[in-house]
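Heads up: the structure comes next, in structure tokens.
Hydrogens, waters and symmetry mates are skipped; everything else that's a heavy atom, side chains included, is used. Every chain is numbered from 1, with letters handed out A, B, ... down the list of sequences.
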2 protein chains.
Amino acid sequence: MPLSTDEVIDTAAELLRRHGLADLSMRRLASELGVRPGALYWHVENKQTLLVRVADRVLADVPTTTSGAPARDIRRLLTAIRTAVLPVPDGGEVVALGYALDPTSVQVFVHLRRLIGDLGVAGRDRAAATDLIVHHVLGSIAAQQDRQLAGLPTRGASAAFDRGVALVLDRLGRPTETTETAGATESTETTDRRQEEAT
Amino acid sequence: MPLSTDEVIDTAAELLRRHGLADLSMRRLASELGVRPGALYWHVENKQTLLVRVADRVLADVPTTTSGAPARDIRRLLTAIRTAVLPVPDGGEVVALGYALDPTSVQVFVHLRRLIGDLGVAGRDRAAATDLIVHHVLGSIAAQQDRQLAGLPTRGASAAFDRGVALVLDRLGRPTETTETAGATESTETTDRRQEEAT
DNA sequence: ACCTGAACACCGTTCAAGT
DNA sequence: ACCTGAACACCGTTCAAGT
């Protein structure tokens, strides 16, 4: 029976879960599957696209239910994401890569965006708030995991995370009167244009 | 004349700036400095601590001035950070590692924390707000850089970033009546304890 | 004090050739 | 369609030995 692509992704996710990114090499993955390294390149384009699919798998079991109370649903969802990703070494980094390269590929983030809409956040602010919250979840997970791998303490990490979430959600719950921001934007905009042309 | 540790860090930062993480190898760095790979290990403990020091260097030239208007200073500072890190390929990831492993080593983040205090954010919320904002800056930079490296479009990235900043700062400017959050915290706390014991 | 030589145990990716 | 063999051009880290 030939190797299936799903088998490749599953085994890669399993390898990440057990040993982290350092041991998730194409060669190690191949030997785990009983094939030669080159065989993997028939199933995936390269290691990066493999990682994007692994990120998807890591969050696949997080339920996306709705209760009618958006703020509470968001808090529940974020806690579930943290609980799912934290035990996977380098999970924060891998999921962040997935979100960067294909924000809609991970179902759970699409759902988060919806819940933020339900909260009454409209238009451009909805995308901005989603990014803000996703960066905060994944950033705080990655930081904690980096510290763990380095043998440093991580006390209070989850409490600090929850406070950060509260700071954002308290704001989003109420109607906004946002009108400023213009001044600071200028030079950043210039940088972006330079970089975007290079693409 | 023997090699100095500063020379090693400077050359590493230069290599990152020009070619990104993929070309910042200990071997490439050594040959750039005209020495054998092993020589580097007399100057730095390993590659990770090298990267933490490189992160420091990338942000070393961002000025930390105060004007008396904290909200404006924060916006200016964040734009300056973005402008400094964005042109350095993989800069977002490297600086995030530095912030995770040693949050006080980068002067600019210590200054940010101070400005947030000036804004009237007290106690635990000050650390939480700093983390939230730093994760947002570095997360949005890393996402944009990942997309650039993959050849994907990054239109509107800086506008989205600015909106995220505005969402947070609008809230922090005003006094808070935060009291909830408890419910969602529980299970996360459990996860943390498990992980922290494993360390 | 500072570095070389040389090794150890690895990487990701490509591609002709096999079945 | 799916995989092997074999190569290409690399990695980080260690450590005896040299100067």
D131(A), T130(A), V137(A) screened by side chain to side chain contact (heavy atoms under 4.5 Å, CB included) with I133(A), the one that passes:
V137(A)
Considering only heavy atoms of chain A and a distance under 4.0 Å, specify the first and last nucleotide of DNA chain D in 5' to 3' order that meet this criterion.
dA1(D) to dA7(D)
Got a sec, which residues hit side chain to side chain contact (heavy atoms under 4.5 Å, CB included) with D10(A), two or more places apart in sequence or on another chain?
R57(A)
Neighbours of DNA chain D within residues 27-41 of chain A, by heavy-atom distance under 4.0 Å:
R27(A), V35(A), R36(A), G38(A), A39(A)
Indicate yes or no for a side-chain donor-acceptor contact from D73(B) to the backbone of R76(B) under 3.5 Å, with no hydrogens or angles considered.
no
Output side-chain donor-acceptor pairs under 3.5 Å for residues 28-44 of chain A, partner residues at least two apart or in another chain, one line each.
unit_1, atom_1, unit_2, atom_2, d
R28(A), NH1, E32(A), OE1, 2.8
S31(A), OG, R28(A), O, 3.1
H43(A), ND1, T5(A), OG1, 3.3

Partners of H135(A) by ring pair (Phe, Tyr, Trp, His ring centres under 6.0 Å), sequence neighbours excluded?
H136(B)
If the condition is side-chain hydrogen bond (donor to acceptor under 3.5 Å, both in side chains), which residues does T65(A) pass it with, not counting sequence neighbours?
none
Given a 3.5 Å cut-off on both pairing distances, which stems involving DNA chain D, each at least three consecutive Watson-Crick or G-U pairs, are present, if any?
C:4-8 with D:12-16, C:12-16 with D:4-8
Can you tell me which residue pairs pass the salt bridge (charged side-chain N to carboxylate O under 4.0 Å, His left out) test with a partner in residues 84-107 of chain A, sequence neighbours excluded?
none
Distance-only check: which donor-acceptor pairs under 3.5 Å involve side-chain atoms of residues 106-120 of chain B, not counting sequence neighbours?
unit_1, atom_1, unit_2, atom_2, d
R114(B), NH1, D118(B), OD1, 3.0
R114(B), NH1, D118(B), OD2, 3.4

Could you note down all residue pairs passing ring-ring contact (aromatic ring centres under 6.0 Å, His included) where residues 64-83 of chain B supplies at least one of them, sequence neighbours left out?
none
Does Q145(A) reach the main-chain N or O of G91(A) with its side chain, forming a donor-acceptor pair under 3.5 Å?
yes
Please give me every residue in residues 42-54 of chain B whose heavy atoms get under 4.0 Å of an atom in DNA chain D, ordered by residue number.
N46(B), K47(B)
Just to be sure I understand the geometry, which residues of residues 95-102 of chain B put a non-hydrogen atom under 4.0 Å away from DNA chain C?
none
Let me know which of T64(B), I81(B), V88(B) forms a side chain to side chain contact (heavy atoms under 4.5 Å, CB included) with L59(B).
I81(B)
